Amino acid sequence: MYDKRGIGESSGVYPGSYSSSMVIYATDALAAVDALVARKDIDRSSVGLWGVSQAGWIIPIAASMDQERIAFTIIISGPTVSIQEENAYSDLT
């Protein structure tokens with residue numbers, strides 16, 4: 001598990017929660033996969049993506065960008081609305 005850009009101890013700038021940001025986050029997830037498959041102590045054929053909430057948008061994008069290295073995907077409590085609907089609800093609350 002890692003922090004998003006600009007969140008927690010991660011460097012960079014948080015790009016927000018927009019449709020275009022999901023591709024950025026998917027690219028970040030694939031960078032994490034790169035780091036794992038480069039390690040000698042990890043079976044590269046067993047690396048997958050697991051996530052909660054917003055990952056329900058990010059994981060399918062990442063998996064479609066690199067189907068060969070992603071062994072599995074697990075989405076726990078994923079979104080049930082579009083990103084735009086989620087943003088509108090977040091603005092209300």
Side-chain angles (χ1 to χ4, degrees):
M1 186 171 257
Y2 58 91
D3 293 329
K4 291 180 194 148
R5 295 175 181 207
I7 304 294
E9 295 185 25
S10 289
S11 62
V13 176
Y14 177 66
S17 182
Y18 307 100
S19 296
S20 58
S21 305
M22 298 307 131
V23 174
I24 294 168
Y25 298 138
T27 302
D28 291 346
L30 293 175
V33 169
D34 286 339
L36 290 173
V37 300
R39 292 178 48 163
K40 302 275 188 228
D41 61 330
I42 292 180
D43 177 2
R44 63 183 302 136
S45 68
S46 297
V47 174
L49 300 172
W50 176 98
V52 177
S53 190
Q54 192 179 60
W57 292 308
I58 298 166
I59 288 174
I61 295 169
S64 70
M65 292 169 70
D66 192 344
Q67 297 175 13
E68 291 187 21
R69 290 186 302 151
I70 308 300
F72 64 89
T73 61
I74 300 172
I75 299 170
I76 306 295
S77 186
T80 59
V81 297
S82 71
I83 296 166
Q84 291 77 15
E85 289 172 299
E86 170 58 32
N87 287 340
Y89 178 77
S90 292
D91 289 344
L92 291 173
T93 59

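No experiment lies behind these values; they were computed from the predicted model shown.
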What is the minimum heavy-atom distance between [X] and [Y], and which atoms define it?
| X | Y | result |
| --- | --- | --- |
| Ala26 | Ala62 | CB-N, 3.6 Å |
| Pro79 | Gly56 | CD-CA, 3.5 Å |
| Ala63 | Leu49 | N-CD1, 4.4 Å |
| Tyr2 | Ala29 | OH-CA, 3.1 Å |

Could you give the distance from [atom1] ([X]) to [atom2] ([Y]), rounded to the nearest 0.5 Å?
| X | Y | atom1 | atom2 | answer |
| --- | --- | --- | --- | --- |
| Met65 | Ile70 | CE | CD1 | 10.0 Å |
| Gln54 | Ile75 | CD | CD1 | 12.0 Å |
| Asp41 | Leu36 | CG | CG | 9.5 Å |
| Glu86 | Asp91 | CD | CG | 9.5 Å |
| Asp28 | Asp34 | CG | CG | 11.0 Å |
| Ser19 | Ile61 | OG | CD1 | 8.0 Å |

Can you list the other members of the hydrophobic cluster that holds Leu92, where links are side-chain heavy atoms under 4.5 angstrom apart? none

Starting from Ile76 and following side-chain heavy-atom contacts under 4.5 Å between hydrophobic residues (I, L, V, M, F, W, Y), which residues can be reached? Met1, Trp50, Val52, Phe72, Ile74

Please confirm whether the backbone N or O of Ala55 pairs with a side-chain atom of Tyr25, one donor and one acceptor, at under 3.5 Å? no

So if you build clusters from Ile, Leu, Val, Met, Phe, Trp, Tyr with side-chain heavy-atom gaps below 4.5 Å, do [X] and [Y] land together?
| X | Y | result |
| --- | --- | --- |
| Val47 | Ile59 | yes |
| Met22 | Ile7 | yes |
| Ile58 | Ile24 | no |

Within 45° of the ring axis of Tyr14 and under 6.0 Å from its six-membered ring centre, is that where the NZ or CZ of Lys4 lies? no

Derivation and outcome, side-chain contact (heavy atoms from CB on, under 4.5 Å), residues Asp66 and Glu68: CA-CA 6 Å; Asp66 192 344; Glu68 291 187 21; 4.1 Å; yes

